[in-house]
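Accompanying notes for the structure given below.
Order of appearance sets the numbers: ligands from 1, and atoms from 1 within every ligand.
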Amino acid sequence: MEITRLGVRVFTYTSFIRRGFGHSHPGPPNEARQTLFEIETRGGAKGYAFGVPADLVERTLKPMLIGENALYREKIWQKLSELQRGNGSTLSDAHMALVDVALWDLAGHAVGLPVQKLLGAFRDKIPAYASTMCGDADLKGGLTCPEAYADFAEQCKEEGYTAFKMHPWMPPVPGAPSVDRDIEMCVAVRKRVGDGMHLMLDPYHQYSRQEAKKIGRAIEELGFLWMEEPMREASVSSYTWLCNELDLDICGPETAPGQIWTRAEWVKAGACDILRTGVLDVGGITPMMKTIHLAEAHGMSIELHQNGAATLQALGAMQIPGRFFERGLLHPLIDYTKRTPWLATLEDPMDKDGFVHVPTGPGIGWDIDWDFIAANEVN
Ligand SMILES: O=C(O)[C@H](O)[C@@H](O)[C@@H](O)C(=O)NO
Ligand SMILES: [Mg+2]
């Protein structure tokens, strides 16, 4: 399974999302670019991933990967991890992750099995939670006030979701961040959906300890399932302090750098009650499974960050400690089902009971729309 070729195809699509201050928001239709990364072996086996920068393939990945055995994912992850030191700005955790995802996709296609089965399957469907985008300033029909969040939570409940996670208003929205407004939103949502829906909060990421504790105490009384990233995740001691102050479960880290090693430190420091990991956050499925097993060995739950078929494959290979699939990010004005036009079928359709099913196709399980890519390819 010697890697003989790496390829990348760049194509355009119409996006309705704009990124601002590290968050996704609804935006006017705009032309965006996506890449299809391809790894091929001497025997013709192929694996894919979306989002690898074209220049990284030429500059870094080809010299690293050509000639390697595509089945040696652990060896390749270790090599990329070593290369990352001093090159973090050009070889990000996400870039590493996409190489690993393509290698898992290739392995699955080579044997005609979904990655879930290669990892060791446990379950074929996972309950989803609706993960909202951040609040809006004055967007008509948007998440502009606590009642708008309550309306959206009610809509999601009617669609079958059994859990709802809010990202409230964040800078530069005028008046954000606001502890009191975040609490007002949580009260309005709980009042609207009743006790039959799990609720979680993922507020402004740079609150002080006292602000985080005030919010935590308030949502404890509302029976929230967890709070995520209320403070800078670089301040591990603040999270240890917060976990000791609250009964509410604290879930993290999400964005803190350091991949599997940071997560081990958070467990050791008692900085989270529920661990957090993610394919892009820790450098791929290979290291993500290490964090899942770390949590399991400590009797801890772990929640996987972000949507996507690769996340679903891993969730299908564990019972505890991962409870939910983060479906999103959602917004009242965004048609979530139209966000990946390069896939012929949605990677994470949800059934009426609020479950998302692990894709059964080989590899990651994407149903790639080759005609769309060809029709929108750019040089
Ligand atoms: O707007 C975003 O992208 C969110 O802040 C992002 O990090 C989201 O994926 C998240 O926090 N999930 O838990
Ligand atoms: Mg989060």
Side-chain angles (χ1 to χ4, degrees), residues 15-27 32 51 92-94 97 126-137 139 142-143 149 152 156 161 163-173 176-177 182 185-186 198-207 212 215-216 219 224-234 239 242 248-257 262-263 266 271-282 288 291 301-308 310-312 314-315 322-334 336 339-340 347-348 356:
S15 169
F16 298 89
I17 304 289
R18 64 176 174 79
R19 290 287 290 179
F21 274 67
H23 295 293
S24 311
H25 299 274
S92 71
D93 297 346
I126 298 98
Y129 67 80
S131 186
T132 76
M133 285 185 181
C134 298
D136 304 299
L139 179 63
L143 298 170
Y149 273 91
F152 192 42
C156 290
Y161 286 101
F164 187 75
K165 184 173 89 177
M166 291 154 270
H167 292 97
W169 301 273
M170 312 222 188
V173 169
D182 290 354
M185 170 191 71
C186 295
H198 295 300
L199 298 178
M200 302 84 103
L201 180 66
D202 191 342
Y204 177 56
H205 322 309
Q206 298 177 8
Y207 274 133
I215 294 180
I219 63 178
F224 272 50
L225 213 49
W226 78 68
M227 177 161 66
E228 196 180 305
E229 205 184 347
M231 303 177 289
R232 280 182 172 80
E233 291 188 335
Y239 278 87
L242 189 64
L248 171 77
D249 282 341
I250 299 301
C251 179
E254 174 174 307
T255 56
T262 297
R263 277 144 189 88
W266 273 56
C272 57
D273 304 294
I274 300 171
L275 195 54
R276 190 148 180 72
T277 190
V279 176
L280 299 182
D281 300 327
V282 299
M288 187 167 77
T291 60
S301 291
I302 187 167
E303 291 301 333
L304 274 56
H305 177 208
Q306 282 176 325
N307 59 359
T311 301
L312 276 172
L315 281 166
R323 283 189 62 177
F324 293 102
F325 172 70
E326 179 171 15
R327 199 163 188 262
L329 296 173
L330 307 177
H331 189 280
L333 299 178
I334 295 271
Y336 177 74
R339 78 189 192 291
T340 47
E347 57 193 321
D348 58 358
V356 178

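One N or O on the side chain of His167 and one on the backbone of Thr132 form a donor-acceptor pair closer than 3.5 Å.
Excluding water, every protein N/O/S atom under 2.8 Å from the Mg ion (ligand 2) is given here by residue and atom: Asp202 OD2, Glu228 OE2, Glu254 OE1.
Side-chain contact of Tyr336 with Arg327: a donor-acceptor pair under 3.5 Å is absent, judged by distance alone.
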Inset, instruction - Quick one: do Thr255 and Glu229 satisfy side chain to side chain donor-acceptor pair (under 3.5 Å)? Show the steps, please. - result: CA-CA 9 Å; Thr255 56; Glu229 205 184 347; 3.1 Å; yes

Legend entry - Intermediate values then yes/no, salt bridge (Lys or Arg N to Asp or Glu O under 4.0 Å), Glu326 and Arg276: CA-CA 12 Å; Glu326 179 171 15; Arg276 190 148 180 72; 2.8 Å; yes

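For the residue pair Ile334 and Phe16, the shortest heavy atom distance occurs at CD1-O, 3.4 Å. Scanning both residues, Gly142 and His331, for their nearest heavy atoms gives CA-CE1, 3.8 Å.
Protein residues lining ligand 1, listed by chain and number: Arg19, Gly22, His23, Ser24, Lys165, His167, Asp202, Glu228, Glu254, Arg276, His305, Glu326, Leu329 [non-hydrogen atoms, distance under 4.0 Å].
Judged as a ring-ring contact (aromatic ring centres under 6.0 Å, His included), and not counting sequence neighbours, the contacts of Tyr207 are Tyr204. For His305, there are no ring-ring contact (aromatic ring centres under 6.0 Å, His included) partners, not counting sequence neighbours.
When the shell of 6.0 Å around CZ of Arg232 is examined, it contains 12 or fewer heavy atoms from other residues, nucleotides or ligands.
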